[in-house]
Undergrad: 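Please find one structure pasted underneath; my questions will follow.
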Amino acid sequence: TQCKFCNLNASIEDGRSAGLFVPVTINLEDTVEAYKIRVAEVGPLVEGRFNMGGFMDTEQEAKIHYGFVEKIAAAAPHKPFLHLHAQAWDRKNLQRLKDAGLDCFCVQLEVMDPKMFPEICPGKAKHMPYEGWIESILNAKDVYGGHNVGVKLVPGITLFAPSGHKTWEEALDY
């Protein structure tokens, strides 16, 4: 995702030059089987959280999540509360995931300052402009309800340039 604070490689090219390649593979059957075994051992799981993203094709990413949610939701007698941390998605894919059994959606925005967004998250800004990320949050709120939507932020990030905030209180007020 090329976030300057949470990703080892500041760019895909930098990562490749250092020998870092992160292939994405779908291992859904093994994941569902592990879930079934765990439920048999400990009883119904209360919650299932998962993260994924990387700015592959948004439709492909949604398809992977959709298959996962659908199969996990049907894999055991008790469906856990399913919570996904992902990138900005459109209303159609958000609704499709809810219909498959997803309960809660968290957008990994990282920073709320529109001036800082392209500086701190260049990969995310290239994937979609800041306004698109905000629209995704609002769409998720409409689809899942306000209490089932989150935004992942990096605390204190607005104290870095180019925001110009001098104190955490000033950043919080902003």
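Note that the numbering runs from 1 along the sequence shown for the chain. The structure displayed is predicted, hence computed values, not measured ones.
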Undergrad: Which value, rounded to the nearest 0.5 Å, describes the distance between I37 atom CD1 and E33 atom CD?
TA: 4.5 Å
Undergrad: Restricting to non-hydrogen atoms, name the atom on G132 and the atom on A88 that form the minimum distance, rounded to 0.1 Å.
TA: O-CB, 4.4 Å
Undergrad: How many angstroms lie between atom NZ of K71 and atom CD of E29, to the nearest 0.5 angstrom?
TA: 5.5 Å
Undergrad: Who are the side-chain contact (heavy atoms from CB on, under 4.5 Å) partners of K92, not counting sequence neighbours?
TA: E59, D90
Undergrad: Evaluate the criterion side chain to side chain contact (heavy atoms under 4.5 Å, CB included) for residue pair L109 and F117; output intermediate values, then yes/no.
TA: CA-CA 8 Å; L109 181 61; F117 182 69; 3.6 Å; yes
Undergrad: Donor-acceptor pair, D103 side chain versus H83 backbone, under 3.5 Å?
TA: no
Undergrad: Roughly how far apart are L138 CG and R91 CZ, rounded to 0.5 Å?
TA: 9.0 Å
Undergrad: Might you work through the side chain to side chain contact (heavy atoms under 4.5 Å, CB included) test for W133 and V111, ending with a clear yes or no?
TA: CA-CA 11 Å; W133 288 79; V111 60; over 6 Å; no
Undergrad: Heavy atoms only: give me the nearest G145-V149 pair and the separation to one decimal.
TA: O-CG2, 3.5 Å
Undergrad: With rounding to the nearest 0.5 angstrom, report the CG to SG distance, N148 to C106.
TA: 12.0 Å
Undergrad: Give the table of side-chain donor-acceptor pairs shorter than 3.5 Å for residues 94-102, with sequence neighbours excluded, one pair per line with atom names and distance.
TA:
unit_1, atom_1, unit_2, atom_2, d
Q95, NE2, D99, OD1, 2.8
K98, NZ, V143, O, 3.0

Undergrad: NE2/H65 to CD/E70 distance, rounded to the nearest 0.5 angstrom?
TA: 14.5 Å
Undergrad: Locate the shortest heavy-atom distance separating P118 from A125; write the atom from each residue and the value.
TA: CA-CB, 3.7 Å
Undergrad: To the nearest 0.5 Å, what is the distance between NZ (K152) and NE2 (H85)?
TA: 8.0 Å
Undergrad: Indicate the ring-plane relationship of F105 and W89, choosing parallel, tilted or perpendicular according to the 30° and 60° boundaries.
TA: tilted
